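Please read these numbers as outputs of a predicted model, since none were measured by experiment. Quick note on labels: first sequence line is chain A, next is B, and so on, each numbered from 1.
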Protein chains: 2
Amino acid sequence: MRSNQSRFALLGLLSMGAMSGYDLKQLSSWSVGHFWRESYGQIYPVLKDMTQAGLIRRKTDKTTGRPERHVYSLTPAGRKELNQWLARPVVDEVPRSELLLKLFFGGLAPVSVSQDHIAEHRKRNTQALAEYAEIRKRLDRECGNDPRKPFWLMTLSYGESMANAAMQWCDQTLSELG
Amino acid sequence: MRSNQSRFALLGLLSMGAMSGYDLKQLSSWSVGHFWRESYGQIYPVLKDMTQAGLIRRKTDKTTGRPERHVYSLTPAGRKELNQWLARPVVDEVPRSELLLKLFFGGLAPVSVSQDHIAEHRKRNTQALAEYAEIRKRLDRECGNDPRKPFWLMTLSYGESMANAAMQWCDQTLSELG
DNA sequence: CGTAGCATGTAAGTTGTTACATGATTCG
DNA sequence: CGAATCATGTAACAACTTACATGCTACG
């Protein structure tokens, strides 16, 4: 059975409303985009699989001109699958970090190489914080008093915590490096 | 050309001394283990590829009884490849987080589900901190005044920073939830 | 005598990315 | 009129995991 992980991300997004593959990509890019990305090359095949498995159903909007819009929505089986996944414990995996790998072997190159990597990392975290601020605004604008909002904010504040900690580490490490 | 990422991890480890596939696994598990993991199913094929590509060379230790030990060491070409990789900018990718995905959709289930996920995450970070402390000790014991030690410590302190920030976030979020 | 550690590797399957292929509409 | 957006999908490849297959030695 294909795409265990992506499957649930898409099911979750579809729980927010019926959507096309294109819509899923758009919505995911800002809502869960800072900790979960999907490509079209993954989205379309997985939607097909899940339709066959009866987890979602598809309706076709006839639009004049443009290609047809395939709108997917959860079936009861899909909703059940999603809830079961939610309750299962998180599998803990060590995410690979190219940055840390390069720093670990930093002694092989001039210090400036490591300094550059760290400076770049700092910059990216600054940018991330700016994006989080945008998302926060958008959430306040578009999702006023949705009961799910606290959960969405939780993931945002996680990102913010990590980014802030990363920046502090960058500053301290850069100063130690000289 | 196979295994772009693992390639460099293994080249890096081999820069610390000639080693067998088995040794690479052992060494990596504690040295870079908290941000980089390799499986044997990846290590052995990649070693084969890199040998053919001339980045490493292999010598066979005849041991009585036990299977032969294949000890790999860097060639000048391998060293060059490693140095070029070190200097290239880090590709930034969004690591997927099953935890955050589950929390994002937490509104679909009882709050206790999310609370459990967070509590478990907290526990894992506590354990991680304990492991980092062990590595720190081991580093002091075995690598007294190695000039590369500051770089190794850098990656450790990164892990500690992240783990501490994660725990603070867990505490705060749990208190807000309940 | 059983279990853990030493030691190497393969095969099959899963998961995911990138590039390709297509083509209309809308806005500046 | 060119670029961005809407919109769907496939094919080829890349990367990685898991389970399997083998078998010795040292220790308790």
Under 3.5 Å, which N/O atoms of the protein pair with N/O atoms of nucleotides 8-11 of chain D?
residue : atom : partner : partner atom : Å
D:dT8   : OP1  : A:His70 : N            : 2.9
D:dT8   : OP2  : A:Tyr22 : N            : 3.0
D:dT8   : OP2  : A:Tyr44 : OH           : 3.0
D:dT8   : O5'  : A:Tyr44 : OH           : 3.4
D:dG9   : OP1  : A:His70 : ND1          : 3.2
D:dG9   : OP2  : A:His70 : ND1          : 3.3
D:dT10  : OP1  : A:Lys48 : NZ           : 3.1

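- Spacing between atom CD of A:Gln26 and atom P of D:dT5 amounts to 9 Å, rounded to whole angstrom units.
- Atom-to-atom, CG of A:Asn4 to P of D:dT18 comes out at 12 Å; the value is rounded to the nearest Å.
- A cation-pi arrangement is not found for B:Lys59 relative to B:Tyr72, the charged atom failing to lie both closer than 6.0 Å to the ring centre and inside a 45° cone about the ring normal.
- Side-chain polar atoms of A:Gln172 and A:Gln168 form no donor-acceptor pair below 3.5 angstrom.
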(message) Run B:Ser157 and A:Trp169 through side-chain hydrogen bond (donor to acceptor under 3.5 Å, both in side chains) and show every step you take.
(response) CA-CA 8 Å; B:Ser157 81; A:Trp169 175 90; 2.8 Å; yes
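- Judged purely by distance below 3.5 Å, without hydrogens or angles, the side chains of A:Tyr158 and A:His34 never pair a donor atom with an acceptor atom.
- In this structure, B:Glu93 atom CD and C:dT18 atom P are separated by 8 Å, rounded to whole Å.
- Side-chain atoms of B:Ser20 and B:Asp23 include a donor-acceptor pair closer than 3.5 Å.
- Taking five base pairs at each end of the helix from C:dC1-D:dG28 to C:dG28-D:dC1, the local helix axes there meet at an angle of 40°, rounded to 10°.
- Within the nucleic acid shown, B:Arg96 comes within 4.0 Å of sugar-phosphate atoms alone, with no base atom in reach, counting heavy atoms only.
- The phosphate of D:dC16 (OP1 or OP2) has a side-chain N or O of B:Ser6 nearer than 4.0 angstrom.
- Taking atom CD of A:Glu98 as the reference point, atom P of D:dC16 lies 11 Å away to the nearest angstrom.
- The aromatic rings of B:Trp85 and B:Phe8 lie parallel to each other, their planes meeting at an angle below 30°, with 60° marking the opposite boundary.
- Regarding A:Leu27, its CG atom lies at a distance of 17 Å from the P atom of D:dT5, rounded to whole Å.
- Under 3.5 Å, the side chains of B:Ser28 and B:Glu38 contain no donor-acceptor pair of N or O atoms.
- The nearest whole Å value for the distance from the CG atom in B:Leu24 to the P atom in C:dA7 is 13 Å.
- Between B:Trp152 and A:Phe104, the ring planes lie parallel to each other; the angle is under 30°, not in the 30° to 60° tilted range.
- One can place CG of B:Asp49 at 16 Å from P of D:dC13, the figure rounded to the nearest angstrom.
- Under the side-chain contact (heavy atoms from CB on, under 4.5 Å) criterion, A:Arg57 pairs with A:Ser73, A:Thr75, A:Pro76, not counting sequence neighbours.
- One atom, CD1 of B:Ile43, and another, C1' of D:dT18, lie 14 Å apart when rounded to the nearest Å.
- Checking the phosphate oxygens (OP1, OP2) of C:dT17, a side-chain nitrogen or oxygen of A:Ser39 falls inside 4.0 Å.
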